[in-house]
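These figures come from a predicted structure and were not determined experimentally.
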Number of protein chains: 4
Amino acid sequence: MHQNSVAGGHGRNGNGKRPPGRPRSEHARLAILRSTLKLLQENGFSEFTIEEVAERAAVGKATVYRWWPNKGALIADAFANSATPNLHFPDTGWIDKDMSQQMRQLVRVFSGPQGRIVSAILGAGQSDPELIEAFRERFLKPRRREAYTTLRRAIVRGELRRDVDPDLLLDSLYGPIYMRFLIRHDRLTPEFVDRLCALVLAGARPRHKSGSRARRARPRPPKPRH
Amino acid sequence: MHQNSVAGGHGRNGNGKRPPGRPRSEHARLAILRSTLKLLQENGFSEFTIEEVAERAAVGKATVYRWWPNKGALIADAFANSATPNLHFPDTGWIDKDMSQQMRQLVRVFSGPQGRIVSAILGAGQSDPELIEAFRERFLKPRRREAYTTLRRAIVRGELRRDVDPDLLLDSLYGPIYMRFLIRHDRLTPEFVDRLCALVLAGARPRHKSGSRARRARPRPPKPRH
Amino acid sequence: MHQNSVAGGHGRNGNGKRPPGRPRSEHARLAILRSTLKLLQENGFSEFTIEEVAERAAVGKATVYRWWPNKGALIADAFANSATPNLHFPDTGWIDKDMSQQMRQLVRVFSGPQGRIVSAILGAGQSDPELIEAFRERFLKPRRREAYTTLRRAIVRGELRRDVDPDLLLDSLYGPIYMRFLIRHDRLTPEFVDRLCALVLAGARPRHKSGSRARRARPRPPKPRH
Amino acid sequence: MHQNSVAGGHGRNGNGKRPPGRPRSEHARLAILRSTLKLLQENGFSEFTIEEVAERAAVGKATVYRWWPNKGALIADAFANSATPNLHFPDTGWIDKDMSQQMRQLVRVFSGPQGRIVSAILGAGQSDPELIEAFRERFLKPRRREAYTTLRRAIVRGELRRDVDPDLLLDSLYGPIYMRFLIRHDRLTPEFVDRLCALVLAGARPRHKSGSRARRARPRPPKPRH
DNA sequence: CAATAATCGAGACGGTACGTCACGTCTTCTT
DNA sequence: AAGAAGACGTGACGTACCGTCTCGATTATTG
């Protein structure tokens, strides 16, 4: 089977022993990943060619195929190992602010050169399950985990209903962004993000009971932004 | 330029006069569009081949290229001319019901064989603007127009705020469906649709003023479902 | 079967009656033959296309195919109907002069724009028996017939042996010209023609018996050149 | 530029060093050349297809195009590398015999399956200068060189005039053969060859001076036939 | 230090689909 | 019935990448 370059297709193996033979060239690996990303954001997926990746990386085609079984795996790996943009959640003390700030960052990334790559991955992923899985595991889930924490804080603060379904809520917040990003039927602006947050979070707030204002119960000071 | 087969690449033109020469074969056109859809839903986009489309349609490759400049245009046209699924909006008298019924239908379509085609279009569309535009114009927009009407009725009935942004609201309702459909990180069930509706529409309801229940003001009987 | 345009695919038939329907367009026929020759001498055979013949003649492709079954027949017909160059034999009274003058003319034709056409016909004829036959019947044989007469005169005059094989002699005279024309290994000059004539005719002269000089017996004055 | 497979498109280059990369497959090269000849002699040029050459040779089409830029180059190369038929000149001591024996062999080759190939080359060569040049360089010239030697011997023996133009003489001998071969207006028989030889060589013999019979001066014994 | 072994670059290999072109036939309306 | 126009099915063209392979050269560990 093909070695995943992250799991250690090179260097010492579990035994602490290096296998015989010439070790894998780290330089080649990086050059390949770099040219993969560059090519992807220049040309999109439809003109993405392993032949050109190899040429730009000044690497033999076989070296690419030795370590990545197909385009999808290569792109997924390149994307996963790319400098993941700063998409962490702040802790402002208000769920609206926490969410909208992070979502604005996401929109900014989607609008920049990295967006081209994400769009290529999601596009090509429609006919390559591995690719879309890589996106979920390496991009979506890590952020989801952070988001869960953020939501939990808001529940504790009483900003959200205790019985809110976090996945439903997060899909409701991010789904519209992905939809506009992929279908491009409308603009992806910070204002859109704010109004989206306001709309969706409004539906997730506790039923107001007289005398118990949710916002008042703020148990602890916010952490500084990450 | 290539004639769009919908805009009348065949038959009489505006002058009521037929152009000279052998007229375009309607039979070939239909066979091509049919085999395009079939092939797409069998094999997905990555193995979609004009060569095989032509062969299955018992048509020369050149005939395909004569009328569609590339894969994207062909797929877009085939999709547009396909028996568009019954995705109309009911008029039950309640916005929650109207929306969730239509959205359940959409989910059902996405889960069926047609879903494969939609996914192929949105996927390939990420590197083919024409294709994604075709999806917007021929699939999304017609449904949006119906949706506006449905929303307007709800506003009139007092179920939704007068100042609600219909595009924001619709993206909030449909975005999560598209997201789950494309990223496949979670299941697309009718229950999900219902809870999604409930969550989002809750945020779009008028602020409750004491003594004026919105629901009471129901001015007219609902039309039977379409 | 296809009508040969020479044998009267148009006009009155044997009965003196015109067939019903629109008569064949003489204008189209000529335009086709003209553009055939022109195209052939511009581009050679390998890029000769019926499609372009029809276009240049402002004629439907089907009109070409209606009257000529294939490229070969068209080219052969065009060549046959072309203004055949003046390649007649003079009657100077001396066989050497008669032959070399005619052969010089032939070389001149081969070197000019018509040569391109002849070369195309002989070239394409190698894989199209009809074409090479057309060349024989319409070009070679008529000239051969004239040549026989010329040779006979020379025999009568005593310039050639009585038992000379005319076909052998003529092939010996013309073969080298065709060879240089087709293989292009050496130049086709008037001097070459003269020396060729001298060499070959020398071998066909009667054995000199002392006292009987062939040249002396000149029975009649030469006809003026044709 | 395309490497000529003869000049060394494979194997070590002048430096004694092999170029980097996988070396050219000798097996593929030979298979291609073989199927080229076979196809040519089966179908003639007009149905000669690179697609079928590749298929019969069990080779990718691209491999053919990698080494030969077009049909002409491929055919020329295949012809040149083909087992050149035994067409050497004997040394019988008499020029008539030397020539007629070799010319009979040539006629035999032209009449056999190889003739089909020669005719295809000369035919296609009319619209492909490279092809006709290949014929000249690889077929005609080598034989011409041998012929010069044969003629020189005859001159030394006094069978031919000292001032005879060898090219003129050889064209006069071979031209008629090529003409009958290409135009097919008459049969190519051994008898024709003999009478042709007799006719042409008669014109190249020295002027008979009384008392000095050319034939008598035979300086050396003939070499056995090659 | 030599032998062994896996990697590297380069690039040729057998394939497949591409998009184009001309073939020879057909179907329409016009003359 | 023949004309121009032009679409039709067919099949070869020459190109681009696919993923595999075979080279010599390189770079490590092992004996």
Side-chain angles (χ1 to χ4, degrees), chain A residues 10 17-25 27-28 47-52 54-55 57-67 69-71, chain B residues 9-10 17-25 27-29 47-52 54-55 57-67 69-71, chain C residues 9-10 18-25 27-28 47-52 54-55 57-67 69-71, chain D residues 9-10 17-25 27-29 47-52 54-55 57-67 69-71:
Chain A
H10 54 96
K17 274 206 168 189
R18 186 195 286 272
R22 179 174 177 174
R24 174 169 182 187
S25 158
H27 176 266
E47 306 185 40
F48 177 83
T49 280
I50 293 216
E51 201 121 6
E52 194 170 356
E55 191 187 318
V59 139
K61 246 198 307 178
T63 300
V64 180
Y65 284 107
R66 192 174 357 254
W67 302 108
N70 50 52
K71 279 190 201 188
Chain B
H10 54 97
K17 272 209 166 188
R18 188 196 284 273
R22 178 177 179 171
R24 175 171 181 187
S25 159
H27 176 267
R29 188 183 135 258
E47 306 186 39
F48 177 82
T49 278
I50 292 211
E51 201 125 8
E52 195 171 357
E55 192 188 315
V59 140
K61 233 190 328 172
T63 301
V64 180
Y65 284 108
R66 194 174 356 257
W67 300 108
N70 50 53
K71 282 190 198 187
Chain C
H10 54 96
R18 186 194 288 273
R22 178 176 176 173
R24 175 171 180 188
S25 157
H27 176 267
E47 305 185 40
F48 176 83
T49 280
I50 293 215
E51 201 121 8
E52 194 170 357
E55 191 187 317
V59 140
K61 248 198 306 179
T63 301
V64 180
Y65 284 107
R66 193 176 350 258
W67 301 108
N70 50 51
K71 276 191 204 188
Chain D
H10 54 96
K17 271 206 165 190
R18 188 198 283 278
R22 179 176 178 171
R24 176 170 179 188
S25 159
H27 176 267
R29 188 184 136 258
E47 306 185 40
F48 177 83
T49 277
I50 292 213
E51 201 126 6
E52 195 171 357
E55 192 188 316
V59 139
K61 233 191 326 173
T63 299
V64 180
Y65 283 108
R66 198 180 345 263
W67 300 108
N70 50 54
K71 281 188 200 190

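- Among the nucleotides F:dC13, E:dT28, F:dA16, the one closest to the side chain of B:Pro23 is E:dT28.
- Taking atom CZ on D:Arg29 and atom P on E:dC13, their separation rounds to 11 Å, with Å as the unit.
- Atom NZ of C:Lys61 and atom CD of C:Glu55 lie 11.0 Å apart (nearest 0.5 Å).
- When distances are taken from the side chain of C:Tyr65 to each of E:dT25, E:dC18, F:dC17, the shortest belongs to E:dT25.
- Taking only side-chain nitrogens and oxygens, B:Trp67 comes nearer than 4.0 Å to OP1 or OP2 of F:dC8.
- The CD atom of B:Glu55 sits 10 Å away from the P atom of F:dT10 (whole-angstrom rounding).
- Taking the side chain as every heavy atom from C-beta outward, B:Trp67 and B:Arg24 approach each other to under 4.5 Å.
- The distance from atom CZ of D:Arg24 to atom P of E:dG14 is 11 Å, rounded to the nearest whole Å.
- If you measure from atom CZ of B:Arg66 to atom P of F:dA5, you get 17 Å, rounded to the nearest angstrom.
- The NE2 atom of A:His27 sits 13 Å away from the C1' atom of E:dG9 (whole-angstrom rounding).
- Between the side chain of B:Arg22 and the base of E:dT27 there is no donor-acceptor pair of N/O atoms closer than 3.5 Å.
- Summarising the geometry, the separation between CD1 on A:Ile50 and C1' on F:dC17 is reported as 10 Å, rounded to the nearest angstrom.
- Scanning both residues, B:Asn70 and B:Ile50, for their nearest heavy atoms gives C-CD1, 4.5 Å.
- Comparing D:Lys61 and A:Asn70 against DNA chain F, the residue whose closest nucleotide sits nearer the 5' end is D:Lys61.
- Annotation: of the two residues near DNA chain F, C:Ala28 and A:Glu51, the 5′-most nearest-nucleotide partner is C:Ala28.
- Between A:Gly60 and D:Ala58, the residue anchored closer to the 5' end of DNA chain E is A:Gly60, taking for each the nucleotide with the nearest heavy atom.
- B:Ser25 contributes a side-chain N or O that, together with a main-chain N or O of B:Ala28, makes up a donor-acceptor pair within less than 3.5 Å.
- Contact check, C:Thr63 against F:dA4: a side-chain N or O comes under 4.0 Å of OP1 or OP2.
- When the nearest nucleotides of DNA chain E are assigned to C:Glu52 and B:Phe48 by heavy-atom distance, the more 5′-ward of the two goes with B:Phe48.
- Across the protein-nucleic acid pair, A:Glu47 atom CD and F:dT15 atom P stand 19 Å apart, rounded to whole Å.
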